[in-house]
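First comes the structure, then the notes that go with it.
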Amino acid sequence: MSYKVLRTDKADEQLHDIIFYIAEDSGSVDIALNYLEKIENSINNLENFPYMGAKPRYATLRRQGYRVLVVERHLAFYKIDEEAKTAIIYAVMDGRREYKDLI
């Protein structure tokens, strides 16, 4: 059975900011849109493989039930609701940042 993938408003906003930054930094909307497609494809894979993400390195996040999906240098943090068969994306951020307190 496939899972439904949802994103919080915060995760949508973060993804929006990442893509706009890439477009501005690279000077290419195409590069930004290709990267967005790569992130979206990875997130959409959670429909069939909700446990494909790793457990985060921080024990606090692991205890809270987060999993992390790595897409190049960005991380998508999510939780799985088994009862509702849903994967909820809570945050998408640059993995080079200190993210423990940002989620």
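Separating the CG atom in L46 from the CE atom in M52 is a distance of 5.5 Å, to the nearest 0.5 Å. Between atom CG of residue L33 and atom CD1 of residue I22 there is a gap of 10.0 Å, rounded to the nearest 0.5 Å. From I19, atom CD1 reaches atom CG of L36 across 4.5 Å, with rounding to the nearest 0.5 Å. How far CD1 of I88 is from NZ of K4: 10.5 Å, rounded to the nearest 0.5 Å. Atom CG of N44 sits about 12.0 Å away from atom CD1 of I39, to the nearest 0.5 Å.
Looking only at side-chain heavy atoms (C-beta outward), T86 and I80 stay at 4.5 Å or farther from each other. With a 4.5 Å cut-off on side-chain heavy atoms, Y3 and E82 count as touching. Side-chain contact check for I43 versus L69: some heavy-atom pair is nearer than 4.5 Å. The shortest distance between side-chain heavy atoms of M93 and F77 falls below 4.5 Å.
Looking at R67, its side chain does come within 3.5 Å of a backbone N or O of G53 through a donor-acceptor pair. A donor-acceptor pair is defined here as one N or O able to donate and one able to accept, closer than 3.5 Å; no such pair exists between the side chain of D25 and the backbone of Y21. A distance-only check finds a donor-acceptor pair linking the side chain of Q14 to the backbone of V92 [under 3.5 Å]. A side-chain donor-acceptor contact under 3.5 Å links Y78 to the backbone of P50. Between the S26 side chain and the S28 main chain, a donor and an acceptor come within less than 3.5 Å of each other.
Within 6.0 Å of CG in D9 there are 12 or fewer heavy atoms belonging to other residues, nucleotides or ligands. Surrounding CZ of F49 are at most 12 heavy atoms belonging to other residues, nucleotides or ligands under 6.0 Å away. Annotation for K79: atom NZ counts as buried by contact number, over 12 foreign heavy atoms lying within 6.0 Å.
A salt bridge links E40 with R7; the closest basic N to acidic carboxylate O contact falls under 4.0 Å. Comment: K38 engages E72 in a salt bridge, judged by a side-chain N to carboxylate O separation of less than 4.0 angstrom.
Q64 and Y90 share no donor-acceptor pair across their side chains, judged by distance under 3.5 Å alone.
Under the 4.5 Å side-chain heavy-atom criterion for ILVMFWY residues, a single connected hydrophobic cluster contains both L61 and V70. Under a hydrophobic-cluster definition in which Ile, Leu, Val, Met, Phe, Trp and Tyr are linked whenever side-chain heavy atoms come within less than 4.5 Å, directly or via other members, Y35 and V29 are assigned to the same cluster. L15 and F20 are assigned to two separate hydrophobic clusters, defined by single-linkage of ILVMFWY side chains at heavy-atom distances under 4.5 Å.
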